[in-house]
Amino acid sequence: MRNKIIAALLLAALPVGAALAQSPQDQFKAAYEKAEATNKKAGELRNQWTVTANALKAAKAAADAGDFDKALKLAEQAEALAKASIVQTEREKTAWKDAVIR
Amino acid sequence: MNTSHHYSRRRFLVLTALAGAVAAGMDALRAVAAFAADAAGWPADAFKQKSEADAAKTLYGKTFEPSDKVKLDAPEIAENGAVVPISVSSTLPNVTSISIMVKENPYVLAASYKIPEGTNAAVSNRLKMAKTSQVVAVVESGGKLYSASKEVKVTVGGCGG
Amino acid sequence: MASSIRVRATASGETTEVQALIQHPMDSGFVKNSKGELIPPHHIETVQFETGGKVVFTALWGPAVSKDPYVKFSFKGGKKGDDLKISWVDNKGASDSMTAKIQ
Amino acid sequence: MFRKILISVACCAIFANGALAAETINPEQDFKEFRQFFQSKFPQVKLEDFVNGPYSVDEGLRKQWIEKEEFPPYDFALEKGKELMAKPFANGKTIADCFPNKGIGIRQDYPYFDAKEGQVITLELAVNRCLEQNGEKPFSYTGDDMASVTAYMAFTSRGKPFDIKIPNDPRALAAYEHGKQYFYQRRGQLNFSCASCHVQSPGELIRSERLAPALGILNAMPIYRSEWGGMGTISRRFTSCNSQVRGVPLKPQDAEYRDVEYYLSYMANGLPIVGPGSRP
């Protein structure tokens with residue numbers, strides 16, 4: 001029982017430890033690159049969202065201003081938006097047919 | 001910024017007009033002086049007023065009262081505040097001027113028209129409206145001012161972003 | 001260069017109807033450009049219509065007159081072939097004029 | 001009803017997707033259904049009046065439009081377009097020389113499918129090709145010069161019905177189908193398709209603007225929009241529609257946009273050219 005609790009605590013602490021190993025700057029950089037790559041993929045699918053580019057720009061501006069917490073949040077937001085645009089594209093490959101006038 | 005430029009230009013206009021008039025005799029003096037007064041006579045102060053009463057006072061030196069002989073034609077809902085077609089006409093005698101004011105615009109006076117004898121008391125134009133507002137038409141007839149007003153709804157403003 | 005003024009003047013019976021359209025930005029001074037800076041006011045102040053040596057109509061315009069402004073009025077007299085002169089002056093001192101034939 | 005049965009029969013009988021797709025590319029059938037849809041949605045609107053967009057479905061707007069048409073704000077563009085078409089290039093030729101009948105009264109024939117190139121050629125594309133082939137700088141697709149030239153071409157074609165041909169060529173049919181697909185595909189953060197606004201909600205207000213029905217929506221192009229305070233080409237209309245739903249627009253005259261124009265113009269076959277138009 002006691003061992004189990006300790007194990008659980010250790011497990012819970014793990015991700016925190018991993019995050020601590022990365023500086024906020026690195027965290028931002030990783031998130032930003034991921035977001036950019038995802039948005040690039042959306043571009044290849046010819047369906048980027050303007051808000052994604054806006055979020056990326058805002059993230060970069062926050063990072064340049066040294067606010068990495070904010071920058072990280074915005075980069076993550078940009079990635080979520082880029083992902084959503086890809087999901088939309090995939091869905092609309094067939095979903096459009098339901099909207100056709102008939 | 002451009003004021004000095006345009007005022008000096010105006011003064012130049014007036015001077016040339018007067019110089020020409022002196023040479024051409026008294027009749028011409030009156031005609032040309034009138035022309036010069038028109039070109040220079042843009043009522044800057046009237047166009048800066050924030051209420052209809054103040055604009056009328058500045059422009060005409062008097063106040064107006066509503067009259068069913070002034071007809072104001074404006075849309076219920078403007079398709080776009082940037083271009084609102086507005087027409088004013090009147091069956092009053094001896095109309096000498098028609099002005100159109102937009103109550104909610106930053107400056108109420110939008111346009112004013114001089115109606116000499118022989119010109120009909122009717123004018124149509126297109127105005128900008130910042131938001132939903134009362135539009136007031138003021139007509140000068142026989143030295144007195146009469147008005148009509150109507151609310152025009154603006155859902156897309158004419159002042160842009 | 002094409003004129004900044006387009007006019008249609010039509011005589012029918014006793015009256016001549018005049019419609020004019022003038023190409024002008026009519027910047028109100030309240031609108032910002034893409035950089036967020038206010039575009040300074042730039043608008044026509046006076047427009048004058050003359051025929052037969054007589055001024056038949058004068059417009060005094062503020063910044064609330066629409067871009068590429070339009071005005072319509074009518075006067076008694078005027079016949080086909082008569083000259084109608086239109087001239088405008090704006091708040092920067094620019095001006096233009098043209099003479100049209102009444103149709 | 002009959003058609004649905006046909007499709008389900010096709011589904012059951014043939015499993016291959018290709019067969020189903022081939023079954024659905026039927027421009028004539030689409031044309032009938034498209035028209036029927038708008039006529040039953042707006043029974044009070046005369047067929048040839050759909051080309052007047054929001055003014056066909058809103059009385060208050062219509063009155064303001066008639067007032068504007070007394071001296072329409074696109075008047076200057078017509079004059080400029082006429083001048084540009086006749087203005088000699090460095091080599092002495094003109095834009096007019098590049099077009100059948102000197103570019104007069106031809107708007108209704110664009111876009112067309114070019115069998116040699118295997119792609120859709122729009123009027124705007126043809127104008128810029130003309131400039132480039134003669135060693136001139138092309139116009140901006142979304143700018144005033146392009147709007148002026150196409151405005152004059154449309155003006156001289158007023159009253160002529162759209163006459164868009166879809167040859168029996170699988171590439172032409174594919175272009176048509178791509179255009180239709182783009183028209184119905186939702187995009188942008190707002191998750192709107194062209195159809196969301198112009199099929200599902202025409203006549204309704206979006207951001208206080210009265211939406212135009214898709215039927216005949218290109219007949220009035222190019223347009224002077226009060227909101228723009230100036231002229232806009234079809235390219236400008238398509239790209240700005242995409243941005244409005246928060247999607248990054250494609251490049252003007254991208255093949256997909258040309259396909260959309262092909263699809264929409266075909267849907268408007270028989271309806272008169274009324275361009276240039278003025279819009280709120």
Side-chain angles (χ1 to χ4, degrees), chain B residues 70-90 98-107 110-113 115 119-137 139 148-161, chain D residues 49 51-77 144 147 197 201-213 217 220 222-232 236-237 240-241 243-244 246 274 276-280:
Chain B
V70 176
K71 197 177 161 247
L72 169 63
D73 193 11
E76 300 282 335
I77 304 172
E79 64 161 30
N80 189 310
V83 186
V84 186
I86 290 170
S87 299
V88 180
S89 63
S90 175
I98 294 177
S99 292
I100 305 166
M101 303 179 193
V102 181
K103 194 179 164 79
E104 300 295 332
N105 272 2
Y107 303 125
S112 183
Y113 299 95
I115 314 285
T119 294
N120 297 318
V123 61
S124 301
N125 62 187
R126 299 170 188 158
L127 302 178
K128 287 178 233 173
M129 291 181 62
K131 53 184 165 204
T132 297
S133 171
Q134 208 67 30
V135 173
V136 183
V139 169
S149 62
K150 183 183 176 179
E151 188 187 68
V152 176
K153 287 192 181 69
V154 175
T155 49
V156 182
C159 288
Chain D
D49 203 25
V51 297
N52 296 317
Y55 304 124
S56 64
V57 295
D58 186 308
E59 211 34 59
L61 286 182
R62 193 181 183 87
K63 209 182 149 229
Q64 294 174 67
W65 171 57
I66 289 166
E67 191 127 8
K68 274 195 303 183
E69 283 296 307
E70 280 200 37
F71 217 140
Y74 52 71
D75 222 66
F76 289 105
D144 276 352
C197 288
S201 339
E204 289 168 25
L205 292 169
I206 284 225
R207 288 162 42 157
S208 343
E209 282 180 48
R210 188 76 60 187
L211 291 165
I217 201 167
I223 49 173
Y224 183 103
R225 281 201 79 189
S226 302
E227 193 191 309
W228 294 337
M231 296 293 295
R236 183 169 182 187
R237 185 62 280 189
S240 66
C241 275
S243 322
Q244 276 170 344
R246 299 187 191 154
V274 290
S278 49
R279 293 288 181 270

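Every chain is numbered from 1, with letters handed out A, B, ... down the list of sequences. This structure is a prediction, so every number in the text was calculated from the model and none was measured.
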> Would one find more than 12 heavy atoms of other residues, nucleotides or ligands at under 6.0 Å from atom CD of B/Gln134?
Replying inline: yes
> With B/Glu79, which of D/Ser278, D/Ser226, D/Pro54 fulfils side chain to side chain contact (heavy atoms under 4.5 Å, CB included)?
Replying inline: D/Ser226
> Would you say D/Gln64's side chain and B/Ile77's backbone share a donor-acceptor pair under 3.5 angstrom?
Replying inline: yes
> With a 3.5 Å cut-off and no angle check, do the side chains of D/Glu67 and B/Ser87 form a donor-acceptor pair?
Replying inline: yes
> Above 12 or not: heavy atoms from other molecules or residues under 6.0 Å from NZ of B/Lys71?
Replying inline: no
>> The test is side chain to side chain contact (heavy atoms under 4.5 Å, CB included); show your working for B/Asp73 and D/Lys63 and say whether it passes.
In response: CA-CA 11 Å; B/Asp73 193 11; D/Lys63 209 182 149 229; 3.3 Å; yes
> Considering all heavy atoms of both residues, which atom of B/Arg126 and which atom of D/Lys68 are nearest to each other, and what is their separation?
Replying inline: NH2-O, 3.0 Å
